[in-house]
Each structure stands twice: as C-alpha cells, then as structure tokens.
*Asks:* 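Pasting a structure below so you can have a look.
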Protein chains: 2
Amino acid sequence: MTFKQSTTEKSTCFIHKLLSNREQKIANRELELLNVAEKIMIHEGFSGFTMDKLVADCNYSKGTVYNHFANKEDLFCALSIEGMRFLISLMQRSLNIQGTLREKCLGLFYSQRLHSQIHPTSFLCVLMAKTPAVLERASKARLEHQIILEQETTALVDKLLSTAITSGDINENRKQHEESLCFALWSMSFGSNALLINAAEAKAVSRLDTNNALLFNINALLDGIGWKPLSSECDYQQSWLRIGNEVFSKEVSALQE
Amino acid sequence: MTFKQSTTEKSTCFIHKLLSNREQKIANRELELLNVAEKIMIHEGFSGFTMDKLVADCNYSKGTVYNHFANKEDLFCALSIEGMRFLISLMQRSLNIQGTLREKCLGLFYSQRLHSQIHPTSFLCVLMAKTPAVLERASKARLEHQIILEQETTALVDKLLSTAITSGDINENRKQHEESLCFALWSMSFGSNALLINAAEAKAVSRLDTNNALLFNINALLDGIGWKPLSSECDYQQSWLRIGNEVFSKEVSALQE
DNA sequence: ACCTGAACACCGTTCAAGT
DNA sequence: ACCTGAACACCGTTCAAGT
C-alpha cells in the first residue's frame, strides 16, 4: 500500500514522499479525532466531554490519542485552531463582496458571526482557548500555532485598514493609530459575539433584537473611527443582507432550514 | 454562645434573629471558603485548583464544602458573583466623578479595568462564568443570582444613558436604541478587557500601547454614538487620569507599588 | 439540623509490553 | 517507530455514621 501510494504520486524523492505520506496520514487522523471530539461536545456539552469517551468513539487507543494531544486542554486548543482556520477561510471569501471598503469590513464581522452560527461548538472552542484553563495547559507548539493564525486574521484587517486610509475612506491622520483601529475591531467583534452567545440570559442581551445588535455595534464603532461612508449616508442593513446573499448564500440558506 | 448573641443584639424577634445569625455564619463561612479558593488559584493557577486542595487549606470537611457549592463550577460561579459585587461597588463610586456625563461613562469603563488589575483572578472568574463549562454545571440559584447582578450593572448604564439623552449630550433620536447602546458599551468593555488580558501574546495586542488601548476603543465607540463632547473637543486622556486620582486614588497608588 | 471523612466512581495520564 | 490498553494516581462527589 505504501508502495502503491508512492508510485501513483510519481514522486522524484521517494523518501520525502514516504515521510510526507506518513505525515499526511497522521494529520488526517488528527482531524478525524477532532471531528469525533466535536461531535461528543455537540451531543453531551463541554462538561460532558471526556478523553475516555473520545477513545471509545474512535478506533484508536488512549496512547495514540495522547500522541496527538498533550492533554485535554491541548485538544481544546487544537479544536480552536481548526475553528480559526475555518473562520479565516470565511473572512477571505467575504472580502470578495462588491462594494465599498467599509462593506468589506462588514464582511469580516459577518464571517465571525456566521462561524458562530454554523459551527457554534467550534466557535465556543475559539472563545475557550482564550481562557486561563486552556492557556495554562495547552502545549507550547499548539499555542504558537494559534498565535500564527491570529496573525493571519490581523494581517487581513491591517491590509483592509491601510487600503481604506490610503484611499481616503478613513482620514489619514488615523494612520499612526492603525494598530489601535485593528484592536478596536477585534475587541468589538469578540465582545459582541461572546456576549450574544454566552450571556443570552442577561437582561441586557435578552431584551435586544439579537439579529441587529452586532451590526448596530459595528456601525457605531466604524462611525466613531470616521470610516466613510458613515452609517447615516448608507443603508448597511442592506449591505449586511447582501453579504449573506452574494458571498455566503449557500451557508445562509442551510442555516435557515 | 447562641444565647449571648441573641441578647447582645437585643432583637425583638428571637427566632428570626437566631436564624439570621445562623445564616450570617453560613454566609461568612462561604466568603471564607471563597477567599481560600481564590488564594489557591492565585498561587497555582486555575488548572491547579482542586476541591481537595480547598478542603486541605480550610478548616472544614468535604461535606461542608459541598453543602455550599453544588460542584466545582458552582464555586467558580460564586467567585464570579463576588467579583461582580466588587465591580459594582467600583462602578457606583466612579459615578461620583465631577464632570460631564461622558466622563462618568468613562468611569464605568475605568472600574472594570481597575477590577481586572486589582483582582486579576477575580476578574478572570467573571470571564470564565461566561464559558459553557461553567454555564452548563453551575447551580440554577447561583446562575440566577449572577443574572440579577448583571441587571444591576445594566441599570447603572441605562440610567446614565437616559440622563445623557434627556440632557442632550446624546442625540434624542437615539432614545429608541437605548438598549442597543447599553449592549454596545458592554460588548466593547468585555471584548477589550478579555483580549488585553488573555490574548496578550497575540501580535494585535502585543504591538499596542496597552495603557491607552481601552480608552482608544471607548472614545471611538462613544464618538460613533455621538456622545458629546466628542473626543476631538475634549482631552479624555486627562479625564482618565483624573478618574484615577479623584475617585480611585487609594487603589491606583496601591497598584503602582 | 448539620458536620464528617471514608469510600466510590470516574477521569486523565503514563508506560511497559507488543508489533 | 509506533501502537496498545492495563494500571495508576488523582480528583470530584456522595452518603452512612456521628454530633
């Protein structure tokens, strides 16, 4: 079987391909394990997840599972990493929307909200990875991987911001605060989504029209930054719907079923 | 001893006082337990905390500890509740600042940041209480108590917002969105502080001037809401320092030691 | 009515033995 | 070189016995 693979791949470097195939196999198994883990969490909640159940539901032994993940929290971190990968793919797609730069920015926020709705458990893992319980115990390698992915999202936002500044949609005297702008967007996105999902019982959330709360928050922030066109000059509710229809039509209609 | 207490209290209702004393004793013990728990978390991290260690470090048995807390997560929730109580006391004090209504609003944000700096572990408990692990397992009574405290903070913000609207500092056409404004403030506060503390390693945070990041975010949001005077018309950095000096001088100087 | 701590069940983690 | 699962240590939780 190993031989078969190496020939079908017509590799010029047999050993390299062999290694790479082995690595591929391990990576696939890891994804398989993460899938099983997520399923357990979906059905039994986070507190219902145990390593024993994971071993019972997959075809590998405890030792093999612990070969992949240093400990339980490391596995949470791995799930968070997969969640971020998915989020980044949504973010990249969202930038394809036809429209102003501010609408593209809306697309980035839309992506995170969509992630939280399509894969709530995955999204919760991303939130949990920012929790001391995970930060204290996950392996160094995994935590670093996560930082790299965060850097990717930061790069996407940075690029959009500097385009907006050079194009004049954001006043150029904001250029010296570009990093602050990026952090403000992240904070608002993180805070809004975390509370909308995990504080749904709180009066300050339950009394809201939760469908528009996020957009309201973004509009307030982007108006405050002075990102043109301001929300008074443009119907961003329309833009929000357009992002759903034009970029994420498949995902949105799947959600509504 | 019971008799002694009841006479020194010169109660008109002996039985009621007895009960109330007993209840007081139980409440005191609970605070004592929470104090010990917090100390363990400070010294050994969240993942280092166990119920066994709590029992070892206090003078009560396992059964008694479990009389207070339904389970470990319930104890986390109790710590979060104490954290919120402390936060609310800071928020109330912060409203005493002399100045505009927007400066009072700054005081509310200042309170949360101060909480995260004076009692980091307590603050982290408040964040953790918004995590599925805790939400899934804490007792109903405790979760409800927390909702009530959240309602108190919401009420403080609501009151300030409606004063600002009637006084004209916020345009009165915002009146219909008062709840949205409240949620926007909460989201920004929650998101900024959570990330400043738990994502310190991320490039988007580490490259910041963390001392001014929160104020930058608030200013952007409040400008976007159109809360007068705008940040272009007023030196809020000065206000921020003033809040520290005038309302929280003791806490701030203790921090700088 | 409340407290106690031994006892239990379960969970996370390891590692000697196997392939 | 990697996989296995029995074994272990520890942790969370309970409850019969005690005051």
*Asks:* Reckon A:Thr50 touches a base, only the sugar-phosphate, or nothing at all at heavy-atom distances under 4.0 Å?
*Replies:*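 It contacts sugar-phosphate atoms only.
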*Asks:* CZ of B:Phe76 versus P of D:dC11: gap in Å, rounded?
*Replies:*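 Answer to the nearest Å: 13 Å.
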*Asks:* Which nucleotide in the list C:dT14, C:dC3, D:dC2 gets nearest to the side chain of A:Tyr66?
*Replies:*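 Output: C:dT14.
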*Asks:* Return the value, rounded to whole Å, for the distance between atom CG of A:Leu54 and atom C1' of C:dC11.
*Replies:*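 These atoms are roughly 13 Å apart.
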*Asks:* Assess the residue pair A:Asp158 and B:Arg207 against the criterion (salt bridge (charged side-chain N to carboxylate O under 4.0 Å, His left out)); give the C-alpha distance rounded to whole Å, side-chain angles, the decisive distance to 0.1 Å, and a yes or no.
*Replies:* CA-CA 13 Å; A:Asp158 280 352; B:Arg207 66 181 180 178; 2.9 Å; yes
*Asks:* Would you indicate, yes or no, if D:dC3 has its OP1 or OP2 atom less than 4.0 angstrom from a side-chain nitrogen or oxygen of A:Asn67?
*Replies:*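 Checking D:dC3 against A:Asn67, a side-chain N or O does come within under 4.0 Å of OP1 or OP2.
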*Asks:* Tell me whether the OP1 or OP2 atom of D:dA1 has a side-chain N or O from A:Arg22 closer than 4.0 Å.
*Replies:*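 No, outside the criterion.
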*Asks:* Judged by modelled atom types alone, do B:Ser47 and A:Glu73 share a side-chain donor-acceptor pair under 3.5 Å?
*Replies:*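 Checked: B:Ser47/A:Glu73 side chains show no N/O donor-acceptor pair below 3.5 Å.
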*Asks:* Taking the inter-plane angle between the rings of B:His119 and B:Phe86 on a 0 to 90° scale, is it parallel (under 30°), tilted (30 to 60°) or perpendicular (over 60°)?
*Replies:*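 Aromatic pair B:His119/B:Phe86 classed perpendicular.
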*Asks:* Using a 3.5 Å limit on both distances, find every run of at least three consecutive Watson-Crick or G-U pairs that involves DNA chain C.
*Replies:*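 Stems for DNA chain C, defined as runs of 3 or more consecutive pairs: C:4-8 with D:12-16, C:12-16 with D:4-8.
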*Asks:* Using a cut-off of strictly less than 4.0 Å, decide whether B:Arg29 has a side-chain nitrogen or oxygen near OP1 or OP2 of C:dC2.
*Replies:*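 Checking C:dC2 against B:Arg29, no side-chain N or O comes under 4.0 Å of OP1 or OP2.
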*Asks:* Please report the distance, rounded to the nearest Å, between CG in A:Asp52 and P in C:dT14.
*Replies:*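 Distance check: A:Asp52 CG to C:dT14 P gives 14 Å.
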*Asks:* Please confirm whether any donor atom in the side chain of B:Lys62 sits under 3.5 Å from an acceptor in the base of D:dT13, or the reverse.
*Replies:*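 Flag set: donor-acceptor pair detected.
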*Asks:* Can you label the angle between the B:Phe123 ring and the B:His115 ring as parallel, tilted or perpendicular, going by 30° and 60°?
*Replies:*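 Judged by the thresholds at 30° and 60°, the geometry between B:Phe123 and B:His115 is perpendicular.
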*Asks:* Are A:Glu32 and A:Cys58 side-chain neighbours, meaning at least one heavy-atom pair lies under 4.5 Å?
*Replies:*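 No - every pair of side-chain heavy atoms lies 4.5 Å or more apart.
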*Asks:* Measure from CD on A:Glu44 to P on C:dC11 and round the result to the nearest Å.
*Replies:*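 Rounded to whole Å, this separation is 10 Å.
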*Asks:* OP1 or OP2 of C:dC3 versus the side-chain N and O atoms of B:Ser61: is any pair under 4.0 Å?
*Replies:*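 Answer is no, no contact under 4.0 Å.
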*Asks:* Could you report the tightest heavy-atom contact between B:Arg142 and B:His68, atom names first, then the distance?
*Replies:*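 What the structure gives for the nearest pair is NH2-O, 2.7 Å.
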